[in-house]
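All values reported here derive from a predicted model rather than from experimental measurement.
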Amino acid sequence: MFTAWDAAGPYATNVAGYGSIAGDLRSMVADAGQFWGGAIAHQTGQSYQAYSDAFFARYGVNLNDPSSLAGLDTGRKVQMYVEWYDGLNQFSGNDQVDLWMGMVNWTPRLTQLQGGGSQATIGLIDYFSTGDADIKSKVIYSGGYTSVSSHGASVGSLIVASHDGKGVMGIAPNALVAAYNPFDQSGSADWSDVIKGIVEVTRERGAAKNRASVVNLSLGVPGWTLNPEWRNVFRTSAVDSVKDHTLYVIAAGNDGISQRTNVEFNGALDSTFIVVGSVDANGVISEFSNRPGTACLTDGGSCKNGSLLKESGYLMNRFIVAPGEFTLVSDNAGGVTRGSGTSLAAPLVSGAVALIHDRWPWL
């Protein structure tokens, strides 16, 4: 059906073709109603017809008017099909299995065996608002600006979303969250806000486990895989003071570039950080993902490439990849959506680090 729709051309020259496609869509909706109608009515209090009509209306589609199908480009068609599938699965009573899980050999059982992050706190330096009740229940600190975006909830859901029979499953669902929003109302953040955020989320708050041991930074500077300003961030005394028990996970960025410019890192080489790029469903690095290229973390201008991680060496030595395309995440409003980017690859790494910290705290 999708292939026929994509090739249908203008409505005026293919009225019969669009009529057939609309008929197929109506059959699909009717079949889904027989399976999902009762669950939707029970959980929402509205009829299945009302649910499906509202869904297609968001795309400007009226299944009784075939001409309304002609206005969707390929991207919107794909989005509509996927959101239809994901939306129905919200009523299944089961958490949704997503493609990235098989790619990294992760299962919920693995998380359960490793403690689920119950001894860990994750620092999120990101847009952050608490429209997702599940994530909100795990927040022990939230500071910074009050600008609103679903980005932080999307990132956070991949780390701490509960295994509760609804939507996204996080890698470390029992972890706590200390969040700081460095983005002002214009959507920009400066390095002083990033530094303040790191200081706040790594601050001791009662129990030792309430200090973030891994800080997810799904942010960056366009045109860089690792911007030179990170050196000054890590050299700041308050940040430097927590370097022995904090690991930073930094998204590589989405410009599709390979960094060739070296980064002077003298005085900050012993800060522990990982830069994360994205791969597609075939394990191939995403076209949009930034890469480490030939850049070196230099020491006094020299690329020594020593054998220890804390020594001068190539950025690629601190670069890994994780799935980051078309990932199921929280929409910060009680539902799910899909997104792509190194911002969504990084939290899979942060969640894995939380499990490791849970099992081997001395690391």
Side-chain angles (χ1 to χ4, degrees), residues 104 123 125-126 182 189-195 197-199 202 213-280 283-324 341-350 352-353 356 363:
V104 299
I125 312 298
D126 209 315
D190 61 32
W191 290 105
S192 64
D193 288 318
V194 173
I195 290 169
I198 292 173
V199 171
T202 57
S213 61
V214 54
V215 179
N216 191 93
L217 295 137
S218 288
L219 49 80
V221 178
W224 294 88
T225 305
L226 184 74
N227 186 272
E229 192 63 33
W230 283 111
R231 176 198 183 203
N232 295 330
V233 172
F234 293 136
R235 290 185 67 184
T236 302
S237 59
V239 176
D240 184 70
S241 69
V242 299
K243 66 185 177 185
D244 291 333
H245 48 73
T246 308
L247 186 148
Y248 302 94
V249 179
I250 304 171
N254 305 318
D255 307 299
I257 57 101
S258 292
Q259 185 165 331
R260 295 179 174 82
T261 304
N262 290 342
V263 180
E264 177 57 45
F265 240 68
N266 177 270
L269 287 164
D270 55 353
S271 295
T272 309
F273 65 91
I274 300 171
V275 180
V276 184
S278 167
V279 291
D280 65 18
V284 177
I285 195 161
S286 303
E287 289 187 8
F288 59 74
S289 179
N290 290 352
R291 309 159 193 221
T294 57
C296 186
L297 304 178
T298 57
D299 185 356
S302 175
C303 186
K304 300 176 180 178
N305 204 32
S307 60
L308 300 178
L309 192 60
K310 64 176 61 178
E311 297 177 333
S312 165
Y314 291 114
L315 177 57
M316 67 179 70
N317 295 340
R318 302 197 188 211
F319 183 90
I320 63 174
V321 292
T342 59
S343 285
L344 302 181
L348 297 182
V349 175
S350 295
V353 171
I356 292 171
L363 282 173

Just how far is it from atom [atom1] of [X] to atom [atom2] of [Y], taken to the nearest 0.5 Å?
| X | Y | atom1 | atom2 | answer |
| --- | --- | --- | --- | --- |
| Ile320 | Leu348 | CD1 | CG | 10.0 Å |
| Leu219 | Thr342 | CG | OG1 | 10.0 Å |
| Gln259 | Asn227 | CD | CG | 8.0 Å |
| Ser312 | Phe265 | OG | CZ | 11.0 Å |
| Lys304 | Asp299 | NZ | CG | 4.0 Å |
| Ile257 | Trp224 | CD1 | CH2 | 9.0 Å |

Sidechain-backbone polar pair: [X] side chain, [Y] backbone, donor-acceptor under 3.5 Å:
| X | Y | value |
| --- | --- | --- |
| Glu264 | Gly300 | yes |
| Arg318 | Leu309 | yes |
| Asn262 | Cys296 | yes |
| Thr202 | Ile198 | yes |

Taking the side chain as every heavy atom from C-beta outward, state whether [X] and [Y] have any atom pair closer than 4.5 Å.
| X | Y | result |
| --- | --- | --- |
| Val239 | Ile195 | yes |
| Val214 | Val249 | yes |
| Val215 | Leu247 | no |

ring-ring contact (aromatic ring centres under 6.0 Å, His included) contacts in which one or both residues fall within residues 283-316, not counting sequence neighbours: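 Pairs touching residues 283-316 that pass the test: none.
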On a heavy-atom basis, which atom in [X] and which in [Y] lie closest, and how many Å separate them?
| X | Y | value |
| --- | --- | --- |
| Pro182 | Ile125 | CG-CG2, 3.8 Å |
| Ser258 | Gly293 | CB-CA, 4.1 Å |
| Ser218 | Ala346 | OG-CB, 3.9 Å |
| Val199 | Ala238 | CG2-CB, 3.6 Å |
| Val349 | Ala322 | CG2-CB, 4.1 Å |

Just grab all the side-chain hydrogen bond (donor to acceptor under 3.5 Å, both in side chains) pairs involving residues 231-243, residues at least two apart or on different chains.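 For residues 231-243, and leaving out neighbouring residues, the side-chain hydrogen bond (donor to acceptor under 3.5 Å, both in side chains) pairs sorted by first residue read Glu229-Asn232, Asp240-Lys243, Lys243-Asp270.
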Taking it one step at a time, do Ser278 and Ser289 satisfy side-chain hydrogen bond (donor to acceptor under 3.5 Å, both in side chains)? CA-CA 6 Å; Ser278 167; Ser289 179; 5.5 Å; no
Centre of Phe319's six-membered ring, under 6.0 Å away, within 45 degrees of the axis: is that where NZ or CZ of Arg291 sits? no
Trp191 vs Trp230 aromatic rings, parallel, tilted or perpendicular, using cut-offs 30° and 60°?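 Taking Trp230 first and then Trp191, their aromatic rings stand perpendicular (interplane angle over 60°).
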Yes or no on side chain to side chain contact (heavy atoms under 4.5 Å, CB included) for Leu297 and Leu269, after CA distance, side-chain angles and deciding distance? CA-CA 8 Å; Leu297 304 178; Leu269 287 164; 4.0 Å; yes
With Ile250 as partner, the option from Leu226, Thr225, Val276 fulfilling side chain to side chain contact (heavy atoms under 4.5 Å, CB included) is Leu226
